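Contents: one structure, followed by commentary.
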Amino acid sequence: MRGYPTDHAGLEILTLDVTLRLLASVAVGRVGFFADGEMVNLPENQAVDEQKLVFRTARGSKLSAAEGQDLVAFEADEYDEQTRSGWSVLVHGRAEVVYDDAEIQRLSGLGLRLWARAVDRPFWIRIRPTAVSGRQVPVNEAPSS
């Protein structure tokens, strides 16, 4: 047992350091935001930059949300069917476009590898978290079938 506290469902509540490490370990998550009065959730690959998330995008609804510094959510997870264990991390915060050339150069060194290359994604978006939460079902406590 890792000693994490548990929530009402028995899931382990992860620390900020663990949630950021887990976010950095997966290639793709989902960014959620409002566009034209509707909730939109889109797949996006990200990088963790200190305690913030960054991703690149083209013109469109994600860029518009960031230009308005809208509230967004970012979720990533992983599940192992064999052990029936996994984790989920949810980040709430404000999106913003990164305009500073020196900052763009620095972010370019993070090694973010774009998974969809059909369209150029010249704009960097940063999510400044207001809340980060994570839960996991550890391998040794996964239910048996």
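Every heavy atom of this structure was used, including side-chain atoms; hydrogens, water molecules and symmetry mates were not. Every value quoted in this text rests on a predicted model; they were computed, and no experiment measured them. The chain is numbered in sequence order, starting from 1.
- The closest side-chain donor-acceptor pair between Ser88 and Glu75 falls under 3.5 angstrom.
- Put simply, Phe34 and Val31 are part of two different groups of oily side chains (I, L, V, M, F, W, Y) that touch within less than 4.5 Å, one to the next.
- Rounding to the nearest 0.5 angstrom, the gap separating the CZ atom in Arg94 from the CZ atom in Arg126 is 15.5 Å.
- In this structure, the side chains of Val40 and Phe33 come closer than 4.5 Å at one or more pairs of heavy atoms.
- Atom CG in Asp70 sits 14.5 Å away from atom NZ in Lys62 (nearest 0.5 Å).
- Going from atom OG1 of Thr6 over to atom CD of Glu12 covers 8.0 Å, rounded to the nearest 0.5 Å.
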*Start with the C-alpha gap between Ile125 and Val54, add the side-chain angles, then the distance that decides, and say whether side chain to side chain contact (heavy atoms under 4.5 Å, CB included) holds.*
CA-CA 5 Å; Ile125 307 298; Val54 293; over 6 Å; no
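- Placement of Ile13 and Trp87 in two distinct hydrophobic clusters is found when ILVMFWY residues are connected by side-chain heavy-atom separations under 4.5 Å, directly or transitively.
- Put simply, the side chain of Gln51 does not reach to within 4.5 Å of the side chain of Val132, judged on heavy atoms.
- The existence of a salt bridge linking Glu44 and Arg30 is excluded, since no basic side-chain nitrogen approaches an acidic carboxylate oxygen closer than 4.0 Å.
- In this structure, Ile127 CD1 and Leu71 CG are separated by 11.0 Å, a value rounded to the nearest 0.5 Å.
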Apply side chain to side chain contact (heavy atoms under 4.5 Å, CB included) to the pair Leu112 and Asn45, showing each step before the final yes or no.
-> CA-CA 8 Å; Leu112 178 63; Asn45 61 320; 3.8 Å; yes
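- The minimum heavy-atom distance linking Ala58 with Pro122 is given by the pair CA-CD, 4.2 Å.
- Remark: Thr15 OG1 to Tyr4 OH distance equals 5.0 Å, nearest 0.5 Å.
- Val48 and Phe74 fall within the same hydrophobic cluster, where Ile, Leu, Val, Met, Phe, Trp and Tyr residues are linked whenever their side-chain heavy atoms come under 4.5 Å apart, directly or through other members.
- Nearest heavy atoms, Leu110 versus Ala47: CD1-CB, 4.3 Å.
- For Asp100, the CG atom is densely surrounded, since the number of other residues' heavy atoms within 6.0 Å is greater than 12.
- Annotation for Glu103: atom CD counts as buried by contact number, over 12 foreign heavy atoms lying within 6.0 Å.
- Screening Asp7, Asp77, Thr19 for a side chain to side chain donor-acceptor pair (under 3.5 Å) involving Arg135 leaves a single residue, Asp7.
- Under the 4.5 Å side-chain heavy-atom criterion for grouping Ile, Leu, Val, Met, Phe, Trp and Tyr, Tyr99 is connected to Phe55 within one hydrophobic cluster.
- Val26 and Leu90 fall into different hydrophobic clusters, where Ile, Leu, Val, Met, Phe, Trp and Tyr residues are linked whenever their side-chain heavy atoms come under 4.5 Å apart, directly or through other members.
- To the nearest 0.5 Å, atoms CD (Glu81) and OH (Tyr79) are separated by 6.0 Å.
- Side-chain atoms of Gln46 come within 3.5 Å of backbone N or O of Leu23 as a donor-acceptor pair.
- The shortest distance between side-chain heavy atoms of Leu20 and Leu16 falls below 4.5 Å.
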